[in-house]
Amino acid sequence: MKRYRIAAIPGDGIGQEVIAAGIEVLQALAKRAGGFEMAFDHFDWGSEHYKRTGAMMPADGRERIKGHDAIFFGAVGSPDVPDHVSLWGLRLAICQPFDQYANVRPTRLLPGIRGPLRDVGPADLDWVIVRENSEGEYAGVGGRVHRGLPQEVATDVSIMTRAGVARIMRFAFALARSRPRKTLTVVTKSNAQRYAMVMWDEIAAEVAAEFPDVAWDKMLVDAMTMRMTMRPASLDTIVASNLHADILSDLAAALAGSLGIAPTANLNPERRFPSMFEPIHGSAFDIAGKGIANPIGTFWTATLMLEHLGERPAAERLMRAIERVTADPALHTPDLGGRATTGQVTAAAVAALAGDNR
Ligand code: GGG
């Protein structure tokens with residue numbers, strides 16, 4: 001019997017509710033699927049920890065989770081802590097030192113969910129966005145001088161390295177190759193950003209030569225928003241810089257019905273460090289504590305974690321349960337226009353797992 005040790009970091013707001021739901025479903029799945037167990041170690045890091053101690057996580061935080069098989073993360077962000085403090089103090093403080101450079105964001109129209117696009121069905125919207133997750137606009141390079149004075153200067157410098165761009169391109173081309181359509185769209189802004197983004201394009205073309213069986217094209221990020229909306233079926237795998245992909249994946253989630261269903265994996269593909277799995281959504285303080293957060297994004301995220309752990313049949317089993325639940329509009333939470341609670345959706349997922357005899 002395999003036993004996985006998972007570090008659970010629910011974080012802020014609805015992160016608490018969806019991670020509890022995710023653990024309940026994963027434990028039910030492990031029991032149903034057999035062959036593996038999951039042991040969760042709980043870490044109370046986040047904005048409350050910051051208010052108590054002055055840090056989002058302890059100084060030895062990464063040391064305490066670096067031996068785990070995976071990290072199951074909720075959300076970060078609180079109305080009474082500046083967003084840049086909470087984001088850099090927790091999510092990015094894990095992603096960047098653990099070199100989780102490939103952020104993978106699948107988007108599909110799940111059964112029973114209608115997106116806002118007219119005449120667009122599940123066959124027309126089936127994407128994976130690959131977000132460069134270690135540098136670019138999130139390099140953390142910059143500063144402020146002469147604070148508060150009329151001559152104040154502030155910079156955020158986007159850093160792109162040949163090594164960083166080449167590895168995310170290789171990852172994205174390989175992922176595109178593994179999907180039936182073998183198609184990759186490289187998002188850029190090299191008309192306006194004439195140094196790093198031009199290098200980004202050049203490296204894309206160089207890496208493309210290693211993948212002659214993958215068809216690829218290039219889109220300016222502004223035009224990409226239009227293509228995603230007007231011609232979704234023309235897209236399959238997409239690779240973009242840290243910031244561009246962050247924005248595009250919110251659009252993708254909205255086009256697939258709700259941010260509440262969107263999953264993500266922060267991968268260290270070489271497995272030198274644990275990878276981290278989280279729903280795309282943030283802490284959503286407006287609905288925190290009301291019991292109406294959509295746990296589907298976390299359940300889908302759990303399938304990505306299972307795939308990473310090598311438990312593909314269990315991941316497929318969980319995905320079938322998710323699709324059974326979303327197919328029933330009575331089990332839609334308010335973000336999907338329904339009235340179901342987090343608890344009802346979770347119970348339905350557990351029941352769907354129990355009833356799956358495959
Ligand atoms: N679960 C994802 C999450 O908590 N995101 C918070 C956030 O503000 N993210 C911004 C970013 O990562 O760029």
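Just so you know, residue 1 is the first one in the sequence shown, and it goes up from there. On a predicted model such as this, the values are computed, not experimentally measured, just so you know. For ligands, and for the atoms within them, numbers begin at 1 and follow the listed sequence.
Protein residues with any heavy atom under 4.0 Å from ligand 1: G74, A75, V76, L87, R91, R131, Y138, D246, E278, P279, I280, H281, G282.
In this structure Y138 satisfies the ring-ring contact (aromatic ring centres under 6.0 Å, His included) test with no other residue, sequence neighbours excluded. Judged as a salt bridge (charged side-chain N to carboxylate O under 4.0 Å, His left out), and not counting sequence neighbours, the contacts of D126 are R179.
Counting only residues at least two apart or on different chains, no salt bridge (Lys or Arg N to Asp or Glu O under 4.0 Å) pair has a member in residues 9-24.
In this structure, K189 contributes its side chain and V221 its backbone to no donor-acceptor pair below 3.5 Å.
Between F273 and F98, the ring-plane angle classifies as parallel under the 30° and 60° cut-offs.
For the pair R167 and Y101, the cation-pi criterion (under 6.0 Å, within 45° of the ring axis) is fulfilled.
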